[in-house]
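Numbered from 1 within each chain, the chains take letters A, B, ... in sequence-line order.
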Amino acid sequence: MAMSKRQRAKVFRGVQYGVLIVAALLMAVFADWGKIQHAFLDLDVAAKLFPNIIIVALKNTIIYSALGFAFGLALGLVLALMKLSSVGPYRWIATAYIEFFRGVPALLVFIAFAYGVPTAFQLRFDTYSTVMLALGIVAGAYMAETIRAGIQAVPKGQIEAARSLGMSAPRTMITVVIPQAFRIILPPLTNELIMLTKDSSLIYVIGLAASERELTQFGRQAMNEYRGMTPIVIAGFLYLIITLPLGYLSRHLERRTGGKKVSVV
Amino acid sequence: MSEVFVEISGLKKSFGTLDVLKGIDVTVNRGDVVCIIGPSGSGKSTLLRCVNLLEEPNGGQIVVNGVELTDPDVDIDRARTKIGMVFQSFNLFSHLSVLNNLTVAQRKVLKRGEKEAQEVALRNLERVGLKEKANAMPAQLSGGQQQRVAIARALSMNPEVMLFDEPTSALDPELVGDVLGVMRQLADEGMTMLVVTHEMQFAREVADKVIFMDGGYIVEEGPAAEVIGNPQEERTKTFLRRVLDPTHHGPGDPE
């Protein structure tokens with residue numbers, strides 16, 4: 001029986017679907033769903049987590065991420081401008097900073113920040129400031145490169161037009177270049193925010209009071225209390241509630257600015 | 001009686017080892033329209049861009065309205081407010097509405113109030129026939145409209161001289177007329193203008209003086225009727241033949 005190429009492809013695809021269905025059926029029949037659910041999603045335990053996992057943990061994760069992002073953005077902008085500066089030492093400092101903080105694990109930075117910096121410099125920060133600085137210091141290094149790329153992506157003609165109208169170089173940067181650069185880098189910046197939200201889980205190392213716990217730390221604590229993975233699973237879903245919309249937003253922005261670029265150029 | 005407004009003498013400019021301008025002397029009287037023509041690579045755009053120091057000259061002197069721009073201590077930002085520039089690629093600020101494109105420099109540089117800046121902007125939009133587009137974004141406009149907005153933006157600074165760098169070269173042919181119309185009107189109102197262009201008809205009808213450049217030198221200059229109508233130099237003749245009658249020349253024709 002000779003089959004055409006198209007018929008062979010059809011049969012082959014049918015076999016693949018068949019295997020998938022059989023695997024799913026086997027799992028459904030043989031897996032001990034009671035046990036699995038007890039381990040990963042015990043509804044009694046889950047019920048006990050609310051509302052604190054929302055009003056304390058989720059809230060703190062959002063606050064920490066937002067603070068870290070805000071500080072990181074400001075720092076990243078300064079570093080990006082330093083990196084593009086005509087003054088050599090500014091460039092060197094910015095480059096060294098970026099390379100260093102992109103190259104070491106964020107967790108190490110947080111540990112250093114929690115235990116080294118306060119004693120070394122005789123500083124005392126409250127938890128929110130510590131988190132903002134620790135997250136921002138690392139995020140700033142990543143964002144600096146993104147912002148620099150955005151600034152360089154602004155067409156040269158925009159700068160020439162601004163200068164020919166009598167704007168000074170700093171005025172041109174503030175009024176024309178930076179607003180346009182941020183439109184260009186909005187999608188990658190949204191991705192940075194997603195990364196930052198996940199990295200905020202690392203701040204458990206600085207030691208958090210009950211009211212300061214974020215999702216991961218809250219989940220670990222609850223896990224010790226109730227046994228089983230349920231709190232971690234719920235925490236995971238709550239991260240997704242933050243990150244999935246951000247991811248969607250990022251893709252949406254990318255499509256929009258992508259389309260716009262074509263019509264402008 | 002005509003007063004010298006732009007005086008360029010011995011202007012030299014090179015990019016790396018490439019000498020683009022090899023000693024240029026130009027005088028423009030107040031109220032005159034000077035058109036600069038020539039083949040691509042002849043240095044005409046570079047010359048124009050030197051007049052507001054978008055390109056830094058390597059030698060020579062540029063004096064605009066009594067201010068020596070080539071003086072290292074010149075306040076170039078202040079000088080540029082008096083020198084309007086229109087680019088081939090329009091260069092409207094893509095993140096600002098048409099109205100804000102016209103007001104932003106008035107407010108940030110000339111420190112005009114919001115209300116005054118808007119009045120000036122709307123008056124200039126009316127001059128170029130685009131008052132109804134005040135709230136549009138640049139991307140929503142045709143090329144011809146964008147270029148007219150760009151002219152209005154430059155005019156909103158009340159410049160004393162306008163530089164046009166191939167203002168119609170990026171436009172669809174049917175939109176060229178709108179922009180040239182605005183420029184002609186501006187010339188009629190007595191604006192001092194330096195125009196780099198390939199529009200020979202415009203140069204012939206509007207220019208008080210035409211300069212033909214080639215290879216970084218001024219080859220020939222004079223009234224439009226003479227330079228375009230009765231060129232003396234061989235290079236000018238060849239260039240004009242190619243521009244005015246492009247279909248009658250094969251690619252391999254001798255210079």
Side-chain angles (χ1 to χ4, degrees), chain A residues 73 76-77 80-81 84-87 146-190 249-250 252-265, chain B residues 45 48-49 51-56 75-96 100-112 137-143 146-147 149-159 161-165 170:
Chain A
L73 196 61
L77 181 58
L81 292 174
L84 294 169
S85 166
S86 54
V87 183
T146 309
I147 296 170
R148 179 193 56 75
I151 288 175
Q152 288 183 319
V154 174
K156 208 161 152 259
Q158 297 282 316
I159 298 165
E160 291 185 344
R163 296 306 305 273
S164 75
L165 288 165
M167 291 190 202
S168 64
R171 167 55 63 198
T172 300
M173 191 51 98
I174 294 166
T175 310
V176 174
V177 178
I178 289 176
Q180 294 194 28
F182 271 92
R183 292 184 162 216
I184 296 171
I185 62 172
L186 219 44
L189 271 189
T190 316
L249 179 70
S250 166
H252 174 75
L253 290 170
E254 205 151 359
R255 266 202 309 277
R256 217 192 55 184
T257 50
K260 210 186 240 161
K261 224 179 244 164
V262 172
S263 69
V264 168
V265 175
Chain B
S45 280
L48 196 74
R49 289 163 60 85
V51 177
N52 69 352
L53 249 56
L54 279 185
E55 303 293 350
E56 198 107 19
D75 182 352
I76 186 62
D77 293 329
R78 183 209 273 275
R80 279 176 178 148
T81 62
K82 297 280 166 207
I83 308 173
M85 177 129 189
V86 174
F87 299 87
Q88 181 177 353
S89 50
F90 329 135
N91 297 350
L92 294 181
F93 302 132
S94 56
H95 65 303
L96 298 178
N100 286 336
N101 260 280
L102 270 66
T103 57
V104 64
Q106 291 188 63
R107 295 180 54 205
K108 306 283 185 194
V109 179
L110 301 181
K111 308 291 180 198
R112 286 180 185 155
M137 293 302 283
Q140 297 168 321
L141 303 180
S142 73
Q146 288 190 50
Q147 193 61 300
V149 171
I151 294 172
R153 176 174 69 177
L155 291 176
S156 295
M157 303 295 284
N158 301 108
V161 56
M162 288 280 287
L163 312 176
F164 292 86
D165 188 5

Reported [atom1]-to-[atom2] distance for the pair [X] and [Y], which is rounded to 0.5 angstrom:
{"X": "R80(B)", "Y": "L165(A)", "atom1": "CZ", "atom2": "CG", "answer": "10.5 Å"}
{"X": "E160(A)", "Y": "E55(B)", "atom1": "CD", "atom2": "CD", "answer": "7.0 Å"}
{"X": "I76(B)", "Y": "S168(A)", "atom1": "CD1", "atom2": "OG", "answer": "12.5 Å"}
{"X": "K108(B)", "Y": "R171(A)", "atom1": "NZ", "atom2": "CZ", "answer": "5.0 Å"}

>> Need one label for L110(B): side chain, backbone, both or neither, based on atoms under 4.5 Å from any heavy atom in chain A.
In response: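 L110(B) has no heavy atom closer than 4.5 Å to chain A.
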>> Between I83(B) and chain A, with a heavy-atom cut-off of 4.5 Å, which part of the residue counts as in contact: side chain, backbone, both or neither?
In response: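 The backbone, not the side chain.
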For the student: nearest non-hydrogen atoms of [X] and [Y], plus distance:
{"X": "A161(A)", "Y": "F87(B)", "answer": "CA-CE1, 3.7 Å"}
{"X": "N52(B)", "Y": "S164(A)", "answer": "ND2-CB, 3.6 Å"}
{"X": "V109(B)", "Y": "M167(A)", "answer": "CG2-CG, 3.7 Å"}

> Tell me, side chain or backbone of R163(A) under 4.5 Å from chain B's heavy atoms, or both, or neither?
Replying inline: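 When you check distances to chain B, atoms from both the backbone and side chain of R163(A) fall under 4.5 Å.
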> Between M157(B), R78(B), R153(B), which has the largest tally of heavy atom pairs under 4.5 Å with chain A?
Replying inline: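 Among the listed options, the one with the most contacts to chain A is R153(B).
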> Any idea which of M85(B), R49(B), K82(B) has the most non-hydrogen atom pairs under 4.5 angstrom with chain A?
Replying inline: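 Maximum pair count with chain A is reached by R49(B).
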> Sub-3.5 Å donor-acceptor pair from the side chain of N91(B) to the main-chain atoms of G157(A), do we have one?
Replying inline: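 Such a contact is found between N91(B) side chain and G157(A) backbone.
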